[in-house]
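Comments concern the structure below.
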Number of protein chains: 6
Amino acid sequence: MKKLLFGLPKGSLQEATFTIMKKAGFFITVNSRSYMPDIDDQEIEPRLIRAQEISRYVEQGSLDAGITGYDWIVENGSDVEEVADLVYAKQGFRPIRWVVAVPNDSPIRTVRDLNGKRIASEAVGITRRFLKSHGVEAEVEFSWGATEIKAPELVDAIVELTETGSSLRANNLRILDTVLESTTRLIANKSAWNDKWKQEKIKQIAILLNGALSAESRVLLKMNVLQEKVKIITDILPALHAPTISHLNAEGWVAVESVVEERIVRKIIPRLKAAGAEGIIEIPLNKVIV
Amino acid sequence: MKKLLFGLPKGSLQEATFTIMKKAGFFITVNSRSYMPDIDDQEIEPRLIRAQEISRYVEQGSLDAGITGYDWIVENGSDVEEVADLVYAKQGFRPIRWVVAVPNDSPIRTVRDLNGKRIASEAVGITRRFLKSHGVEAEVEFSWGATEIKAPELVDAIVELTETGSSLRANNLRILDTVLESTTRLIANKSAWNDKWKQEKIKQIAILLNGALSAESRVLLKMNVLQEKVKIITDILPALHAPTISHLNAEGWVAVESVVEERIVRKIIPRLKAAGAEGIIEIPLNKVIV
Amino acid sequence: MKKLLFGLPKGSLQEATFTIMKKAGFFITVNSRSYMPDIDDQEIEPRLIRAQEISRYVEQGSLDAGITGYDWIVENGSDVEEVADLVYAKQGFRPIRWVVAVPNDSPIRTVRDLNGKRIASEAVGITRRFLKSHGVEAEVEFSWGATEIKAPELVDAIVELTETGSSLRANNLRILDTVLESTTRLIANKSAWNDKWKQEKIKQIAILLNGALSAESRVLLKMNVLQEKVKIITDILPALHAPTISHLNAEGWVAVESVVEERIVRKIIPRLKAAGAEGIIEIPLNKVIV
Amino acid sequence: MKKLLFGLPKGSLQEATFTIMKKAGFFITVNSRSYMPDIDDQEIEPRLIRAQEISRYVEQGSLDAGITGYDWIVENGSDVEEVADLVYAKQGFRPIRWVVAVPNDSPIRTVRDLNGKRIASEAVGITRRFLKSHGVEAEVEFSWGATEIKAPELVDAIVELTETGSSLRANNLRILDTVLESTTRLIANKSAWNDKWKQEKIKQIAILLNGALSAESRVLLKMNVLQEKVKIITDILPALHAPTISHLNAEGWVAVESVVEERIVRKIIPRLKAAGAEGIIEIPLNKVIV
Amino acid sequence: MKKLLFGLPKGSLQEATFTIMKKAGFFITVNSRSYMPDIDDQEIEPRLIRAQEISRYVEQGSLDAGITGYDWIVENGSDVEEVADLVYAKQGFRPIRWVVAVPNDSPIRTVRDLNGKRIASEAVGITRRFLKSHGVEAEVEFSWGATEIKAPELVDAIVELTETGSSLRANNLRILDTVLESTTRLIANKSAWNDKWKQEKIKQIAILLNGALSAESRVLLKMNVLQEKVKIITDILPALHAPTISHLNAEGWVAVESVVEERIVRKIIPRLKAAGAEGIIEIPLNKVIV
Amino acid sequence: MKKLLFGLPKGSLQEATFTIMKKAGFFITVNSRSYMPDIDDQEIEPRLIRAQEISRYVEQGSLDAGITGYDWIVENGSDVEEVADLVYAKQGFRPIRWVVAVPNDSPIRTVRDLNGKRIASEAVGITRRFLKSHGVEAEVEFSWGATEIKAPELVDAIVELTETGSSLRANNLRILDTVLESTTRLIANKSAWNDKWKQEKIKQIAILLNGALSAESRVLLKMNVLQEKVKIITDILPALHAPTISHLNAEGWVAVESVVEERIVRKIIPRLKAAGAEGIIEIPLNKVIV
């Protein structure tokens, strides 16, 4: 039987990845041999590897495909097929940023001022590329972690990942510039991508992951409406997805259903109610295939 | 931009409040500065404050609105606008009670017998009002907590909150009378309520909270029924919400949908099945706007 | 008021049982007197008892009905009414197995080779029945737990429960044969079963538990389809449950709804999409009454 | 190299046993193969086995020696050499008791009244022996645990272990009689005891365990005393261990040292001080070899 | 038998109190009835009560004696006998402070500037006394907790307990002045103190608690010294406690022993070594009776 | 005031380091700004930094001194003063080893066979030095962690730290050779070492750390002996530290005291007892200054 060697990110992205894979329909359990988790799909052979290393092993063919961050693809300079952009991260459904930061009271004001300074980062490659693109020469040293605490005693600036900025603030650091924005990616080895069976399998995973991600921020709104008010109601609903309208037994009434972004529900419900919608209910969704 | 200063109850009501706010569509995260949580609505500026104090700060205008217990509004004697009665508490969706209790073997039998006795309570004001209304004079002392353990060695009776009564039973206490029933309330400062923008914002929160609370105990039942049996089926379904009936492709069949209380599902499913309903499914709901 | 004395399994099956009971519509909370949990149905009087003992107490009438494993019904040789086979276990929705196992390097190759050996098991009765049916005579000793570590130093073979086999592998044991396959059962005392009210109540529980279990592995798929493509689409959907088709307001379009196994969704979604289905959404289900 | 196969009790006695072994000078660590812990003595080969089973495996020679409770030696009726009585248990340094208990409101008043009743216990053998010695005939059934909750609904009485009695009180049970008092024992297989090397090794363990146990409840008191007051001071110190008296540089002063029970220190310190002892200090002890 | 009703502080002081009581020789265990812990001294009847309330109940005679903070004696204005000053607190062996603090950027610079302002505190009485002594009039409101977060939005200043000041810094607060320094106290009811048996018992507790507290920060240093160097060595040792000197078998050598503060050991050990002390060892102490 | 900037290892060595520092007399607490812990010595300014980086920052002078592993000094090729060799590690008081390991069934048998292979390690520098010294050329890649799981799928061999070897065994790896043995070291910056005050302070820390480490594995044995048996007894005691002998009040008796290794106590106690030693006690030690 054909098998797809598939890399999953161990560490900070792991929990979010397992959750979204489960919503996509793939149930993964980590057993005692945690490097080789179990998955309920016999065509997939999963491997649990640090996000930092997945693109390296996909590039050299030890893995057929995998999920990792765009940042680490850049850091490793890996030549891989980017199949899908999956907008989720450890703490939510938005991109993360690598930023260059300096102490609040540092005299450094612009990226240019970093010239001749010492910078610590876990992402030495990304940092060097960024400095080069700004024509800055600086000493970049690899940091084994806890990078935020190093400035100003040990280094002049740091390049560090931030989701909310709170860890930087807590360490009295000021963001100078964004070095790289990154999202999670589904990537494939180039020759695996040329294999028909493997490409189809990877695409199946991509469709389902996207379906699950779309459902993550959407709900189904359903309401009963008098035929004559359908236009007013549907004007309130966002144009993106056309609502589904079906006739009801009760003369003159229709049911209106629409998939909408959860974050706009709180805005449109008062308006729908005011416009005559009755029996409005909101239903959770597992998948939305766009 | 306009902002609503909104008090959320820190402590025993906190988790239940965050959960219901999330279902209503407002996602709150407590960061390192826990007094000022983050919320995904730029029009709201949340503050995390002890439930005991919220009505006091709403009354004096440090907060525009807030969520707290009716008991603490009474205890503080706060003059505020009560916008909505939200029936949930720490342990479930029902009112809580403050009761006056005495040791099982106490000679005190009625509220009258409390005359001249010593009573400990965290709610000194409520206790005094209650005693006065019964024409009883007693010494009421403030209790810093663990009130149930004080009778009979330290005091003669206590006035304490009870959700299930199990803590009283465990301390060999007998309930003499109910002092106050309380539910959670959405309250507003009186002059904030007179501000058009603020009132609308507070009403939006009220509609969504009520929608989420209604959904908490309801589900959507859906089934296929032969046209001729529709009457029998809809007679089994509770009259409160009229079911939605739509035609199916299959000749003579209709789909019947109804929002029902979850707690009656177990009673009506056997009857619906017996009456000829087919393919009955139960779907969870996020919101029900009545 | 009539009451059904109902045994729930304390221990490894407890959490899974409480979860499935909740989905069925019965909310159980364990209070300080854990032997008598609370349930939100006044007609049921629950008792929390070790799974090993429930069938014994159902047989002798201390309980009217209960949930336990088929293995312990056999071990105890209990004469009870088996009302429903509920396919769930501690770790998932599949049967568990009792197996006889020996050390990897043991000379024992077949069940016959167990003749004259010493075998440890928590299920002495099941083990003796199995050996007898194979014409083998061996010494069977009761094991108080940690049975996997006993061979080869303390005994020659063990009979032990296995859900995934990983504990056996970790102890260098090799499975010789399956002794018994077991699933969870709803059982009733024979004379309680002859009481009309009790039988009806037990049947109600059975219908709802089965409804919840069916929903566990199923979802509702919903999509919009051009009238002319309905045949192609419904051919992709599994034949088991006929899909529900309803007319939409938009000329020539119908809505197709079908309850399907979750594990096939990942296979059919790419095909449905390819066949022209639009706006495919997947909705979670609480109950499916077959 | 010679090895002593030594059984250590897994479960409730485990932590207390590891602690006392460490004080005796043997450091045990439980690794991934928990059945075979590591010990820093190459002459000992430890095995971690349920206390209930150790005497059985010592008797049949799978173990040379081991630590277990006297109760389980009796329950199993094992014929072993009892080398030392080590007075410690899960919760402290005193014997534990198996008691027969009935519900507070049971009509059963004496052991005699148990005639014809049903009794549940984890220790079926001990229970039967006890009943027989009282000339009582009753049905004794094996309990898989949570025995305290079984009376009166499932059985009439229970025989259960109690260290403090609090679990019995919490379940409204009344103690009828003590069935067996038990302490922890160091036992040996009879033929291992006849092996010179093994007997010496087992005796070494016994001396060190006793030394550590003695130190557990004792401390070293040390004080300076005027020569003329030595008699008064030593009269206050308990006679059991003669105090050590040594001359000091300061003319007329001696140092008095004595190992005393920690629990009497609080009584004698005020008296020693009053009698003229100066610079009294209390020093902790690891071992006291009597 | 005579009994001393003894109050122990529940809450933040509890763990430190139980630890020091244990070192003093009294072993307390909290059972299911946590208000009445167990103690291994039949002459003491312990009660576990909030530190805030102990002095109130000692004053009114519900307790004979107890351990609480000096701050709460002042707050309650309790008229009790102060038997001993025990210098320990939640986080260590030093006094704690109540301070008045304002936001870093507040215009309030001195206590005088608090005139006409609003101040929140858990210790309303202490705060009012302090303000009065400075001739300041301000509104003092009771705070139910999390007081540090209230300034400047809800109040102008706070009076709060601080052990390390870190919570104040984290909330951007600046200390204006110290309101009260407090240590832990052993107190007695005045008429209990006049009872001979009770006074003696309370004094015994005081001696032992002081002995344990003294040992907390002290160790026994012991070394061998040539007779001729004794003077040099003893000059290095602190004069407080005269060292004990005893003759050794080896001609010309003596053993020098001294109880010293642990925090000076690191300073004197290099000096002792340089001065010719040999075989220096440091021994832990349980009690030092001064 | 003069200050010593002192690096403490964050991470796996942290707990062991804080414990040994405490025994040495320095009490460190990690506050909210974990990079700058508090210490109870005003002459030390501690910094909490990853063990991997400490030697780098000591070399460049950002730190005056620090505690780190010998392995990371080598990996970083840092030119620092090695002041003391402190034999402790995460799991105990013995050296740790970096080893090169291959899968159990790998054809690689000797270090030579690594020629042309791919090797993963967290310690790329140490690995390259080792291979060079054996004349082997191989591709060494940096591993971000979980190195043991990489062979054979991702690399041919790994170089990894091992304290007990159990993690290697669990991943079916076979040790080929030891790459480096390492212990914890106290290091100093070269110019800080030339500063008189700093050198003295660092030496003080070294003496105290060594004193605490020596005490870790030693105890004080004390016994009473008849004068005529002193020779026999002292012959049993190890020759390393001469025992201290002092006269007792009782005619003909002496007290013998000796600091001995804890691990030999279990061997000599039976012999001492047999030789006539009485009242043998074992006392724990905080420090032993050799």
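With a threshold of 4.5 angstrom between heavy atoms, C/Glu257 approaches chain B through side-chain atoms but not through N, CA, C or O. For chain B, no part of C/Ile205 is nearby; none of its heavy atoms comes within less than 4.5 Å. For C/Leu208, the part sitting under 4.5 Å from any heavy atom of chain B is the side chain, from C-beta outward, and nothing else. Heavy atoms closer than 4.5 Å to chain B are found in both the backbone and the side chain of C/Asp41.
Between B/Pro284 and C/Pro284, the shortest heavy-atom contact is CD-O, 3.3 Å. Between B/Leu248 and C/Ser246, the closest heavy-atom pair is CD2-CB, 4.3 Å. Nearest heavy atoms, C/Leu285 versus B/Ile283: CD2-CG1, 3.6 Å.
A donor-acceptor pair under 3.5 Å is formed between the side chain of C/Gln204 and the backbone N or O of B/Arg266.
Here C/Asp40 does not pair with B/Arg263 in a salt bridge; the nearest charged N to carboxylate O distance is not below 4.0 Å.
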Worksheet entry | side chain to side chain contact (heavy atoms under 4.5 Å, CB included) evaluation trace for B/Val265 with C/Lys287 | CA-CA 10 Å; B/Val265 168; C/Lys287 292 199 188 73; 3.8 Å; yes

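Environment of OH in B/Tyr70: sparse, with no more than 12 heavy atoms of neighbouring residues, nucleotides or ligands closer than 6.0 Å. At most 12 heavy atoms of other shown residues, nucleotides or ligands fall within 6.0 angstrom of atom NZ in C/Lys22. For CD of C/Glu228, the number of neighbouring non-hydrogen atoms (other residues, nucleotides, ligands) closer than 6.0 Å is greater than 12.
Against chain B, no residue from residues 267-281 of chain C qualifies, as none has a non-hydrogen atom under 4.5 angstrom away.
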